[in-house]
Amino acid sequence: MLSDGILLKNAIPTSDSNGLKTQAYTFTLENESTKSVKYKIYLDDIALEENKVRLPDKYIKYSITKNEDTTTNLLNTIGENPNRILDEDTLDGKTKNHYTLRIWMDKTADMSVMGNVFYAKIRAVAEQKKYNTTYTNKKHQRSL
């Protein structure tokens, strides 16, 4: 799964209470299989236009809600790209997880980063356990 992109342009430092009111990016992960799957959700950088400067992660705040549980942190606490893992979990067969993501410029940002841009996309990667398909029917085995 890939998103079209999350863009913070001309952002200003914002308190958490106001950041939690910013545009919501919502998505659902659904496991249509009967087997459980492990998954990770990443926030990957998208290339900026020439002459644009990327806003450092230490000034980006995010809030992610999975179903009813919310986490709010600075983006640099989850590691630099490509290791920005927003969530990782196991999704049981025939179930869904609903997500809401909000991103804003943290109130600690200073004037030196005004005009910088944040541009990223959501990426989800799932992995299903591989099962051994070898079958032995002991009823039809014979000793030599």
Side-chain angles (χ1 to χ4, degrees), residues 1-109 113 115-144:
M1 177 183 98
L2 297 171
S3 71
D4 291 332
I6 299 167
L7 178 64
L8 281 184
K9 188 174 171 181
N10 300 322
I12 59 170
T14 304
S15 67
D16 290 352
S17 60
N18 286 332
L20 292 169
K21 298 174 190 170
T22 59
Q23 177 180 353
Y25 300 91
T26 60
F27 58 98
T28 299
L29 294 184
E30 179 177 6
N31 182 357
E32 295 178 347
S33 168
T34 56
K35 308 279 190 236
S36 61
V37 295
K38 290 183 178 183
Y39 69 90
K40 291 182 183 179
I41 299 171
Y42 298 88
L43 189 62
D44 296 332
D45 285 336
I46 294 176
L48 299 178
E49 295 175 14
E50 197 174 316
N51 78 359
K52 298 293 182 187
V53 178
R54 187 168 303 280
L55 186 60
D57 284 359
K58 68 181 182 176
Y59 296 123
I60 301 294
K61 200 92 178 243
Y62 76 97
S63 173
I64 189 162
T65 302
K66 176 171 63 175
N67 302 321
E68 300 298 321
D69 298 323
T70 301
T71 302
T72 302
N73 272 320
L74 283 168
L75 193 55
N76 67 343
T77 61
I78 59 175
E80 291 297 321
N81 190 29
N83 298 315
R84 285 193 200 126
I85 300 173
L86 293 173
D87 191 37
E88 59 184 313
D89 203 353
T90 298
L91 192 57
D92 293 332
K94 301 294 183 189
T95 60
K96 299 177 185 181
N97 280 339
H98 303 281
Y99 286 89
T100 302
L101 176 66
R102 288 183 165 83
I103 295 182
W104 62 95
M105 183 187 290
D106 186 45
K107 67 181 179 181
T108 62
V113 295
N116 289 10
V117 176
F118 177 81
Y119 194 29
K121 64 184 174 187
I122 298 166
R123 176 174 53 99
V125 177
E127 174 184 305
Q128 193 169 42
K129 182 178 178 180
K130 294 179 181 175
Y131 294 93
N132 183 355
T133 57
T134 304
Y135 173 76
T136 303
N137 184 344
K138 292 186 180 193
K139 186 176 181 181
H140 296 306
Q141 284 182 335
R142 23 177 217 185
S143 299
L144 298 177

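- Here the closest heavy-atom approach between residue Ser33 and residue Gln128 is recorded as OG-NE2, 3.1 Å.
- Asp45 CG to Tyr119 OH: the interatomic distance, rounded to the nearest 0.5 Å, is 11.5 Å.
- Taking CG of Leu74 as the reference point, atom CG of Asp57 lies at 9.5 Å (rounded to 0.5 Å).
- In this structure, the separation between NZ on Lys66 and CD on Glu68 is 12.5 Å, given to the nearest 0.5 Å.
- With a 4.5 Å cut-off on side-chain heavy atoms, Val117 and Leu7 count as touching.
- Contact record, Gly5 with Ile46: CA-CD1, 3.8 Å, taken as the closest heavy-atom pair.
- A donor and an acceptor atom, one from each side chain of Thr65 and Thr70, are located under 3.5 Å apart.
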- Could you go step by step and tell me if Asp87 and Tyr99 meet the side-chain contact (heavy atoms from CB on, under 4.5 Å) rule? CA-CA 10 Å; Asp87 191 37; Tyr99 286 89; 2.4 Å; yes
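- Side-chain atoms of Arg102 never come within 3.5 Å of backbone atoms of Ser63 as a donor-acceptor pair (strictly under, hydrogens ignored).
- Here Ile103 contributes atom CD1 and Gln23 contributes atom CD; the two are 10.0 Å apart, rounded to the nearest 0.5 Å.
- Between Asn31 and Lys96, the closest side-chain pair of non-hydrogen atoms is not below 4.5 Å.
- Side chains of Leu101 and Tyr62 form a contact here, defined as non-hydrogen atoms less than 4.5 Å apart.
- A cation-pi arrangement, defined by a distance under 6.0 Å to the six-membered ring centre and an angle within 45 degrees of its axis, is absent between Arg84 and Tyr42.
- In this structure, the side chains of Lys94 and Thr34 come closer than 4.5 Å at one or more pairs of heavy atoms.
- Closest heavy-atom contact between Pro13 and Ala109: CG-O, 3.7 Å.
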- Message: Arg123 vs Asp44, test: salt bridge (Lys or Arg N to Asp or Glu O under 4.0 Å). Steps then yes/no.
- Response: CA-CA 7 Å; Arg123 176 174 53 99; Asp44 296 332; 2.5 Å; yes
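- Counted by atom type alone, Asn97 and Tyr39 present one or more donor-acceptor pairs between their side chains at under 3.5 Å.
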- Query: Should Val53 and Leu48 be marked as a side-chain contact (heavy atoms from CB on, under 4.5 Å) after you check the CA-CA gap, both sets of side-chain angles, and the distance that decides it?
  - Reply: CA-CA 8 Å; Val53 178; Leu48 299 178; 5.8 Å; no
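- Between the OH atom of Tyr59 and the CZ atom of Phe118 there is a distance of 15.0 Å, given to the nearest 0.5 Å.
- Leu20 contributes atom CG, which lies 7.5 Å from atom OG1 of Thr22 (distance to the nearest 0.5 angstrom).
- Of the possible donor and acceptor atoms, none in the side chain of Lys58 sits under 3.5 Å from a partner among the backbone N and O of Asn76.
- Taking 4.5 Å as the limit, some side-chain heavy atom of Ile41 sits within range of a side-chain heavy atom of Leu29.
- Not one N or O on the side chain of Asp106 forms a donor-acceptor pair closer than 3.5 Å with the backbone of Ile60.
- At distances below 3.5 Å, at least one donor-acceptor pair connects side-chain atoms of Thr14 with backbone N or O atoms of Ile12.
- Looking at Asn73, its side chain never comes within 3.5 Å of a backbone N or O of Leu75 through a donor-acceptor pair.
- No side-chain heavy atom of Asp16 sits under 4.5 Å from any side-chain heavy atom of Asn18.
- Taking the charged nitrogens against the carboxylate oxygens, Lys35 and Asp92 have no contact shorter than 4.0 Å, which rules out a salt bridge.
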